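All chains are named by letter (A, B, ...) in the order of the sequence lines, taking the proteins before the strands, and each is independently numbered beginning at 1. Just so you know, these numbers come straight off a predicted model, no measurement behind them.
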Amino acid sequence: MRNILIVARKEIQEGLRNRWVLATTLLLAALALSLTFLGSAPTGNVGVRALDVVIVSLSSLTIFLLPLIALLISHDAIVGEMERGTMLLLLSYPVARWQVLIGKFVGHLSILAFATLLGYGAAAGALMATGVTIDLESWIAFASMIASSVLLGSIFLAVGYLVSSLVRERGTAGGIAIGIWLVFVLIYDMALLGLLVVDQGQTISGGVLNGLLLFNPTDAYRLFNLTGFANISSFSGMAGVAQNATLTSPTLLTALFVWVVIPLSLATFAFSRREL
Amino acid sequence: MTGTLEVRRVSKRFSKVDAVREVSFSLPEGETVALVGHNGAGKTTLMKLMLGLIRPTSGSITVLGDDPAAGEFRARRQLGYLPENVSFNGALTGQETLAFYARLKRQSMRAVPPLLDRVGLTHAANRRVGTYSKGMRQRLGLAQALLGEPRVLLLDEPTTGLDPALRQSFYEIIEELRSHGATVLLSSHALTELEERASRVVIMNRGIKVADGTLDELRRIAQLPTRLRLKFSAPGIPDIPKWLRPIGDLRQVDRNMVEVNVAPEQKIDVLRQAVGLGSPIDDLDVIPPSLDELYAHFLLTQETAR
């Protein structure tokens with residue numbers, strides 16, 4: 001345990017030093033703030049449900065941005081240290097390989113959580129500063145949006161580690177990471193949509209569709225945030241989906257957790273078998 | 001005999017290359033041993049095997065009584081390692097880097113400043129490692145290897161990139177640790193690098209151990225000839241073989257100088273002749289076989305034996 005914390009601490013220290021933390025926080029805050037004020041313009045609704053509108057726009061932002069940031073941080077974590085030669089020295093110390101990996105995960109996750117909390121929190125803070133009243137339900141939805149955003153980030157951290165512990169070169173890891181981002185964030189949904197249009201509801205049942213949605217963590221995240229709370233689903237235009245949704249919030253959350261655990265275990269396994 | 005570090009008939013095969021073949025040796029406490037060989041001779045592979053970073057294809061290794069690849073940390077806490085071309089994350093300062101490694105070895109943070117001082121990095125302790133020169137990084141590498149008074153030190157090409165003054169102080173630190181009972185294994189690609197600091201030398205070539213012993217023992221085994229350089233004022237060169245008895249290997253350097261190679265057991269006889277009464281020789285130099293020649297000899301005998 002102590003080894004994990006020592007490694008995590010070093011990752012955070014490095015993140016602070018090379019400005020990763022600062023850059024991520026500023027980026028998220030800037031985008032969140034602009035979405036908060038610009039995003040309410042088209043709906044023309046800066047009323048009681050202002051925070052709900054923010055949740056809708058921020059969760060869309062999260063789907064694009066957090067996987068990208070997470071992959072950027074993580075794809076280099078193993079193969080980069082191996083290439084630079086720092087891994088050889090680290091592993092000669094009394095520390096197990098899984099402790100190194102989990103330590104890095106904890107460190108990177110802290111950076112991501114800090115940036116998300118501060119960046120998105122800035123949006124809520126700005127909203128409060130303008131004198132908008134926000135009820136408890138919105139706060140809960142906002143808090144769960146932040147928490148699930150961090151969870152989504154941690155999924156892509158884990159996926160990035162898996163890539164990083166499998167490939168031989170940093171460049172390869174970078175390419176694969178971009179590919180993964182494209183697939184999960186853009187291509188998967190388009191392909192799914194195309195498939196549904198072509199299929200016309202003939203063969204693909206609701207069960208299969210649910211399975212396909214759970215198979216992409218960004219979809220599971222989207223459903224969790226946009227259909228989980230009644231007010232938000234009405235804003236996001238997902239009310240119809242929400243009524244027919246057979247995927248409940250606990251199912252979606254479980255799927256997201258599974259998406260963290262499996263790549264992380266595979267990464268640990270691949271890393272521990274790797275020869276230096 | 002059981003040493004702090006035992007290597008028994010160890011082989012390591014990477015997909016196509018036999019990196020180490022049937023190597024055995026034992027290193028006792030308080031000895032500095034040099035592992036010498038060309039690049040690719042298997043030195044780094046042997047060190048990685050001793051660290052448990054890779055597992056032997058066959059054979060076994062014991063470090064301080066443990067199998068290093070078993071995942072036990074007891075031995076690793078008492079082990080210092082300096083990899084070839086050591087590198088650190090450039091974002092942290094020297095002090096932060098050393099503190100990180102000290103924590104992993106469960107050392108007190110109070111150990112950090114004296115170590116930095118010992119390797120002469122106090123003035124740069126709060127600078128980012130990214131700004132360090134090669135020699136400074138090497139010194140930081142040495143500092144981390146010295147954390148926690150290790151009982152076994154594995155140093156992979158430790159003196160490359162160090163200037164002569166630093167090399168001197170480096171060997172002083174090594175000598176001090178050795179006198180406290182540490183086992184030190186240094187690798188090097190040339191014997192001359194070691195400046196006769198190692199009490200014992202293990203020569204490796206293409207994964208095979210070709211020689212193992214003290215430098216004197218190796219010299220004795222090798223039976224390398226000593227070179228004598230003889231000078232004359234008078235042109236007496238044609239008479240030389242007469243003075244020095246029949247010697248096969250005679251080479252004329254210039255008009256009044258010749259070089260002869262003499263086997264160790266003939267050396268004294270030849271010298272007596274050369275300085276005896278009536279000898280035409282004005283001056284002579286005795287050049288013992290150099291470490292490089294010794295090293296080349298062992299590599300050559302192994303190559304031809306195969």
So which of A/Val7, A/Leu89, A/Asn3, A/Leu91 has the largest heavy-atom pair count under 4.5 angstrom toward chain B? A/Leu89
Any chance OH of A/Tyr188 has more than 12 other-residue heavy atoms, nucleotides or ligands included, within less than 6.0 Å? yes
If you count heavy atoms of other groups shown closer than 6.0 angstrom to CD of B/Glu149, is the number above 12? no
Surrounding CE of B/Met109 (heavy atoms of other residues, nucleotides or ligands, distance under 6.0 Å), is the total greater than 12? yes
Rounded to the nearest 0.5 Å, how far apart are CD of A/Glu81 and OG of B/Ser87? 9.0 Å
Do the side chain of A/Thr86 and the main chain of B/Asn89 share a donor and acceptor less than 3.5 angstrom apart? no
Which residue out of B/Arg77, B/Glu96, B/Lys48 racks up the most heavy-atom pairs below 4.5 Å with chain A? B/Glu96
Given side-chain contact (heavy atoms from CB on, under 4.5 Å), test B/Glu84 with A/Leu88 step by step and report yes or no. CA-CA 10 Å; B/Glu84 189 183 2; A/Leu88 188 62; over 6 Å; no
Under 4.5 Å from a heavy atom of chain A, the part of B/Arg74 involved: neither
Can you establish whether the number of heavy atoms outside A/Arg9 located under 6.0 Å from its atom CZ is more than 12? no
Any chance you could measure B/Leu53, atom CG, to A/Arg97, atom CZ, to the nearest 0.5 Å? 6.5 Å
Is the number of heavy atoms from other residues, nucleotides or ligands under 6.0 Å of B/Arg55 CZ greater than 12? no
What part of B/Leu51 is in contact with chain A, defined as an atom under 4.5 angstrom from a non-hydrogen atom: side chain, backbone, both or neither? side chain
Please classify the contact between B/Thr44 and chain A as side chain, backbone, both or neither, with a heavy-atom cut-off of under 4.5 Å. neither
Quick one: does B/Arg103's side chain get under 4.5 Å of A/Lys10's, heavy atoms only? no
Looking at B/Lys105, B/Arg128, B/Arg106, which has the largest count of heavy-atom pairs under 4.5 Å with chain A? B/Arg106
B/Glu22 atom CD, over 12 foreign heavy atoms within 6.0 Å: yes
What is the distance from atom OG1 of B/Thr97 to atom CD of A/Glu14, rounded to the nearest 0.5 Å? 8.0 Å
B/Arg9 atom CZ, over 12 foreign heavy atoms within 6.0 Å: no
Given a strict heavy-atom distance threshold of 4.5 Å, which part of B/Tyr101 is in contact with chain A: side chain, backbone, both, or neither? both
Heavy-atom pairs under 4.5 Å with chain A are the metric here; pick the option from B/Phe100, B/Phe14, B/Phe88 that has the most. B/Phe100
Please state whether the side chain, the backbone, both or neither of B/Leu82 comes within less than 4.5 Å of a heavy atom of chain A. neither
Which value, rounded to the nearest 0.5 Å, describes the distance between A/Arg2 atom CZ and B/Leu104 atom CG? 9.5 Å
Is B/Gln144 in contact with chain A via its backbone, its side chain, both, or neither, using a 4.5 Å heavy-atom distance? both
Where A/Ser92 and B/Arg76 come nearest, the two heavy atoms and their spacing: O-CD, 3.5 Å
